Protein chains: 2
Amino acid sequence: MKNSDSSRITIKDIAKALNVSASTVSRVLSNHPAISESTRKLVNDKVKEMGFSIDPIASSFRSKKTKSIGVICPRIDIDFHSKVISGIEDYAYNNGYQITIFQSQDNYKKEKEIASMLETSLAAGLIICPGLQTHKYDHLKKFKKANIPLVVYDRSTDGLKTNKVMINDFEASFKATEHLIKSGCKRIGHISGDQSVSIFKARLQGYSEALIQNGLPIEEKLIKETKNLSYEEGLISANELANTNERIDGLVCANDYTAAAAIKVFKKFNYNIPEEISIIGFSNYPISKIVDPQLSTIDDNAYHMGKVASKLLIQQIEDSDFERLDYQEILIKTELIIRDSTKK
Amino acid sequence: MKNSDSSRITIKDIAKALNVSASTVSRVLSNHPAISESTRKLVNDKVKEMGFSIDPIASSFRSKKTKSIGVICPRIDIDFHSKVISGIEDYAYNNGYQITIFQSQDNYKKEKEIASMLETSLAAGLIICPGLQTHKYDHLKKFKKANIPLVVYDRSTDGLKTNKVMINDFEASFKATEHLIKSGCKRIGHISGDQSVSIFKARLQGYSEALIQNGLPIEEKLIKETKNLSYEEGLISANELANTNERIDGLVCANDYTAAAAIKVFKKFNYNIPEEISIIGFSNYPISKIVDPQLSTIDDNAYHMGKVASKLLIQQIEDSDFERLDYQEILIKTELIIRDSTKK
DNA sequence: TTGTATGCGTTATCAT
DNA sequence: ATGATAACGCATACAA
């Protein structure tokens, strides 16, 4: 059961129909300047008439160039990553590129495997958020050697000199903490994430620095580190904080899940929010508008981060070779969102 | 500034190094049966030694087959879609396929554009969730003509005979409603989604049918249709329901956002949940565990849905041609998750 | 079991 | 401004 008409229309067919050479048709299709307006129109019309479209595989094969961007992230179904990828895709699509997505599951071995595959062919460039287990970057350095543009997003990669797009976590956390201080909080706790991860370390530092610059003491017992910043861990940490001798009147959380948990706990302890305690989250997840009171938070501009990463990568793909020797580190601005869980 | 060593190792290089023909090497690489164990080992060793890897573009070009699956969804950064895609990617990766993702933004024109691109080349198959504006399916029918496997997920596509993977929305909603009835609810409302969308219609029908089968009357005024099932619309609808003369004692919501809104509203009206009113959502979003009381809901198994869609598509890609003439409709089982917002 | 020969559709080089 | 020709790396039909 063959399909008899599987014959694809090719450049040659167009050429034959017009009595011109295949090269001429090819030149028209790739907007070569040395083509007269008349033949250009002739060819374009015939292309439409015959419903021709170029075979991108053949084109890539011959030119050794693709329009495909590889994206590696730990998981797609994490709110943050899905937003970043959305931004990457939007920008890429509007500039004629496609994105091929892989999930490393935070598995170093798998990440290397995917990277190696992408490097040996296929990709015009790579955008990657390295996994939590990733502390060596040889698999990424290979891209530089192979002259394939590379952009890292979100996670810092110490020792790897490459393009990076990140949130300014320090500044964002500083901003959040200062917001509490300015509204009158004197004793502010922090629920932090895994301190072996750079972005969570930066958030703790931003919190600390804001206290210091405003003449407030840093009390270790008010800083609760969690492993995954989960809602459940948030409940535990908040409970501990609610049970300290001196009451706290402010709480900076490293994400919205732990902040939502803190709201629940402090309400149970009969604190009025925000009158008696201000609570602020981080990320601006959907839940932040649904908890009661609505959660003040930091918007991480994940979508925009994706757009910027995509733009940076495509610039490098399309620039001349030697430009790639340089790299940029771009910090994405975050936004303080004030709702009802903090005093104005 | 050229890279001097841009010469890629090819099959010919391997062949030359071993004094065998390129076809032999090619056969080893594609696991052709008619190859002796000895040469197979010889070639494989040399391949490793020289660090050769096949050029997938050249291979695709020659064989007219790719390992690339196109995925079109309205947006990646919607919880449901990101989970489905996660499932698609996992299964595809484990079976040697890659996924290339596009966002239609629920824009019919853009959807057609992407589909047409995918159809003229590139894709071994397509997995798509058609946009809300999509009511004609010519762009998808072309895939059948071109003999490219196609799987539709989530949204029903009346009149298009193709592979579909969907939730059994009717049954899920029926199940949710019956759960309320069995726990003693007598007067149950419904907050529904856009009734021009098949899945939301099915959820309303499941609710209605459960009432009928249990001898309860259907009261139109207890059914509130929303456009987007947003939290804000949920607040409005729940307010209206709380203000009806006779109190309701159960509420089936077509998603978790409106259910979360309903919890907030009925708490404000001093209803005890679940003693005085049982509220159940749909989708098992992260918020459902965070609202107070925790929300009973329906888990839509989005990740699993993606896996099944991926599996179905890859089966069709790899099956012989004529198998493709058939199509399947697969209903994914949903799960009733009982938490604290409904009576046991 | 292995080798030889050919061509996929396009683009790049060189010539005109 | 256009044409002729070769070549990209691989898979496959056919021959041996």
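Keep in mind the model is a prediction, meaning the values are calculated, not measured. The analysis underlying the following values was restricted to heavy atoms, covering all of them including side chains, and did not include hydrogens, waters or symmetry mates. Labels below follow one simple rule: chain letters A, B, ... track the order of the sequence lines, proteins then strands, and each chain is numbered from 1.
Looking at Tyr93(A) and Glu113(B), their side chains do bring a donor and an acceptor atom within 3.5 Å of each other. Residues Ser21(A) and Thr24(A) have side chains that bring a donor and an acceptor to within less than 3.5 angstrom of each other. Looking at Gln103(A) and Asp77(A), their side chains never bring a donor and an acceptor atom within 3.5 Å of each other.
Counting non-hydrogen atoms under 4.0 angstrom, Ser26(A) reaches a base of the nucleic acid. Residue Asp13(B) is out of contact with every strand shown, counting any heavy-atom pair closer than 4.0 Å. At the heavy-atom level, Thr39(A) lies under 4.0 Å from the strands shown only through sugar-phosphate atoms.
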With the criterion being N/O to N/O and under 3.5 Å, what pairs connect the protein with nucleotides 13-16 of chain D, and how long is each?
from    : atom 1 : to       : atom 2 : distance (Å)
dA13(D) : N6     : Arg27(B) : NH2    : 3.2

Produce the list of close N/O pairs, under 3.5 Å, pairing protein atoms with atoms of nucleotides 6-8 of chain D; give distances to one decimal.
from   : atom 1 : to       : atom 2 : distance (Å)
dA7(D) : N3     : Arg62(A) : NH1    : 2.9

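In this structure, the side chains of Leu118(B) and Ile72(B) come closer than 4.5 Å at one or more pairs of heavy atoms.
The ring-ring contact (aromatic ring centres under 6.0 Å, His included) test applied to His139(B) returns Tyr108(B), not counting sequence neighbours.
The environment of NZ in Lys164(B) is crowded: more than 12 heavy-atom neighbours from other residues, nucleotides or ligands sit within 6.0 Å. Within 6.0 Å of atom NZ in Lys311(B), 12 or fewer heavy atoms from other residues, nucleotides or ligands are found, so the atom counts as exposed in its surroundings.
Across the protein-nucleic acid pair, His32(A) atom NE2 and dA1(D) atom P stand 8 Å apart, rounded to whole Å. As rounded to whole Å, 13 Å separates atom P of dA4(D) from atom NZ of Lys16(A). Atom NZ of Lys41(A) and atom C1' of dA1(D) are 19 Å apart (whole Å). The CG-C1' distance, from Leu29(B) to dA11(D), rounds to 11 Å in whole Å. Remark: P of dT2(D) and CG of Asn19(A) are 14 Å apart, rounded to the nearest angstrom. We find that CZ of Arg8(A) is positioned 7 Å from P of dT10(C), with the value rounded to whole Å. Per the geometry, CD1 belonging to Ile57(A) stands 12 Å off P belonging to dG9(C), to the nearest Å. A straight line from CD1 of Ile35(B) to P of dT12(D) spans 14 Å, rounded to a whole angstrom.
Using a distance-only test at 3.5 Å, with no hydrogens or angles considered, a donor-acceptor pair links the side chain of Ser60(B) to the main chain of Lys65(B). Judged by distance alone, with hydrogens and angles left aside, the side-chain atoms of His135(B) form a donor-acceptor pair with the main-chain N or O of Gln133(B) at under 3.5 Å.
Residues from residues 45-56 of chain A lying near DNA chain C, meaning a heavy-atom separation below 4.0 Å, are Phe52(A), Ile54(A), Asp55(A) in numerical order.
Closest non-hydrogen pair, Ser156(A) versus Ser198(A), comes out as CB-OG, 3.3 Å.
At least one side-chain nitrogen or oxygen of Thr24(A) sits closer than 4.0 Å to the OP1 or OP2 atom of dG3(D).
Recorded end-axis angle for the helix from dT1(C)-dA16(D) to dT16(C)-dA1(D) stands at 30°, based on five pairs per end and rounded to 10 degrees.
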### Task
Start with the C-alpha gap between Asp45(A) and Lys41(A), add the side-chain angles, then the distance that decides, and say whether salt bridge (Lys or Arg N to Asp or Glu O under 4.0 Å) holds.
CA-CA 6 Å; Asp45(A) 287 353; Lys41(A) 181 167 172 19; 2.7 Å; yes
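Residues in residues 44-74 of chain A take part in these ring pair (Phe, Tyr, Trp, His ring centres under 6.0 Å) pairs, two or more places apart or across chains: Phe61(A)-Phe61(B).
Checked for salt-bridge contact, Asp55(B) and Lys12(B) miss the test: no charged N lies under 4.0 Å from a carboxylate O.
Screening His81(B), Gln105(B), Glu111(B) against Cys73(B) for a side chain to side chain contact (heavy atoms under 4.5 Å, CB included) leaves a single residue, His81(B).
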